[in-house]
Q: 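Take this structure first; my questions come after.
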Amino acid sequence: RESQLDEPPLFWLRGNRVYDFHGDRGTVADFEADLLTREVEDDATCRSRRQKQGLLPFPFLPLPQKEKVEDDDGNDANRAPKR
């Protein structure tokens with residue numbers, strides 16, 4: 001099928017994840033499924049996948065986001081203490 005892109009795309013791998021100049025495209029398996037199964041070069045699903053997986057936003061490492069935890073007093077435990 002014909003490409004929708006005018007110029008050849010540039011991709012690189014880092015830690016089993018595929019990146020381009022717009023950010024994270026997902027894991028190698030996700031990227032493969034996008035191109036070969038879904039036959040999509042770029043869409044909102046590719047771009048929002050990292051958020052749906054609960055990972056920190058690009059350009060941070062793809063680590064899980066910290067969950068917001070409240071202590072017994074109902075205070076946000078992730079906040080810095082007041083001075």
Q: Considering residues at least two apart in sequence or located in another chain, which fulfil the salt bridge (Lys or Arg N to Asp or Glu O under 4.0 Å) criterion with R49?
A: D30, D34

Q: Just jot down the salt bridge (Lys or Arg N to Asp or Glu O under 4.0 Å) partners of D20, sequence neighbours excluded, or say none.
A: R25, R47

Q: What distance do C46 atom SG and H22 atom NE2 have between them, rounded to the nearest 0.5 Å?
A: 12.0 Å

Q: Tell me, please, which residues at least two apart from N16 pass side chain to side chain donor-acceptor pair (under 3.5 Å).
A: none

Q: Give me the ring orientation class for F21 and W12: parallel if the planes are under 30° apart, tilted from 30 to 60°, perpendicular past 60°.
A: perpendicular

Q: Taking it one step at a time, do D24 and Q53 satisfy side-chain contact (heavy atoms from CB on, under 4.5 Å)?
A: CA-CA 12 Å; D24 189 347; Q53 292 173 347; over 6 Å; no

Q: Tell me, please, which residues at least two apart from L36 pass side-chain contact (heavy atoms from CB on, under 4.5 Å).
A: E32

Q: With heavy-atom distances below 4.5 Å as the criterion, would you say the side chains of V28 and V18 are in contact?
A: yes

